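Numbering of residues begins at 1 and proceeds along the displayed sequence. Everything quoted here is computed from the prediction, not taken from an experiment.
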Amino acid sequence: MVETGMETRQNFDSRPWPAAPSGAAAACDLVTVPTRQGLEAVDILRRGAGDAVGPVLHDGGCDTLGFLVPPGTAAAWDVPGSTCTETDGRGLSLNPRPPVEGSAWLLPPGEADLATDPAVLRAALGEAARLIAAADNCR
């Protein structure tokens with residue numbers, strides 16, 4: 001994927017994404033994106049077929065959203081404008097209380113899948129970036 005500002009062009013890659021081992025929900029990686037793009041992506045994912053979005057965090061300043069993705073995703077994540085952090089389960093717990101002080105759940109655990117599929121998230125973030133660029137160019 002190539003990104004200029006918020007404009008993206010996607011090259012879907014066929015690399016297999018690591019599957020979460022059973023019982024490893026607390027070891028999710030975290031994809032962090034700007035709030036505007038993240039909110040658009042959440043809308044896209046929730047409009048899609050089935051429950052395509054896992055728990056989503058937002059920071060206290062509402063600058064970023066964090067999508068929980070399966071462990072191992074960080075090793076292959078390369079989406080411009082976002083970061084993917086390997087948590088190894090450190091300090092991350094999937095309970096109603098947010099795992100990071102100053103954050104809150106946009107989509108809490110229990111109301112969403114255990115983790116968002118990285119390939120589906122990649123596509124939604126690309127679509128969100130294109131929607132934002134189109135909206136910004138209409139002004």
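- The distance from atom CG of Leu68 to atom OG1 of Thr116, rounded to the nearest 0.5 Å, is 7.5 Å.
- Criterion: ILVMFWY side-chain heavy atoms under 4.5 Å apart, direct or through other members. Under it, Leu131 and Val53 are not part of a common hydrophobic cluster.
- Distance check: Leu121 CG to Thr73 OG1 gives 9.0 Å after rounding to the nearest 0.5 Å.
- With a 4.5 Å cut-off on side-chain heavy atoms, Phe67 and Leu45 count as touching.
- Rounding to the nearest 0.5 angstrom, the gap separating the OG1 atom in Thr83 from the CG atom in Leu30 is 7.5 Å.
- Between Pro34 and Gly81, the shortest heavy-atom contact is CD-O, 3.4 Å.
- Contact check for Val79 versus Val33: no side-chain heavy atoms found under the 4.5 Å cut-off.
- Nearest heavy-atom pair, Asp29 versus Gly72, reported as atom, atom and distance to 0.1 Å: OD2-N, 3.1 Å.
- Although no hydrogens or angles enter the test, the distance criterion places no donor-acceptor pair under 3.5 Å between the side chain of Ser82 and the main chain of Thr32.
- Contact between Ser103 and Leu57 at its shortest, heavy atoms only, is OG-CD2, 3.9 Å.
- Residues Pro108 and Pro55 approach most closely at C-CB, 4.5 Å, considering heavy atoms.
- Looking only at distances, a side-chain donor or acceptor of Gln37 sits under 3.5 Å from a matching main-chain atom of Leu125.
- Distance check, rounded to the nearest 0.5 Å: CG of Asp43 to CD of Glu127 gives 10.5 Å.
- Going from atom CG of Leu65 over to atom CG of Asp59 covers 8.0 Å, rounded to the nearest 0.5 Å.
- Pairing each heavy atom of Pro118 with each of Val69, the nearest pair is CG-CB, 4.5 Å.
- Residues Trp105 and Val56 form no side-chain contact, since every pair of their non-hydrogen atoms from C-beta on lies 4.5 Å or further apart.
- Interatomic distance, Asp63 CG to Arg36 CZ, rounded to the nearest 0.5 Å: 14.5 Å.
- Val120 and Val31 fall within a single hydrophobic cluster, where Ile, Leu, Val, Met, Phe, Trp and Tyr are joined by side-chain heavy atoms under 4.5 Å apart, directly or via other members.
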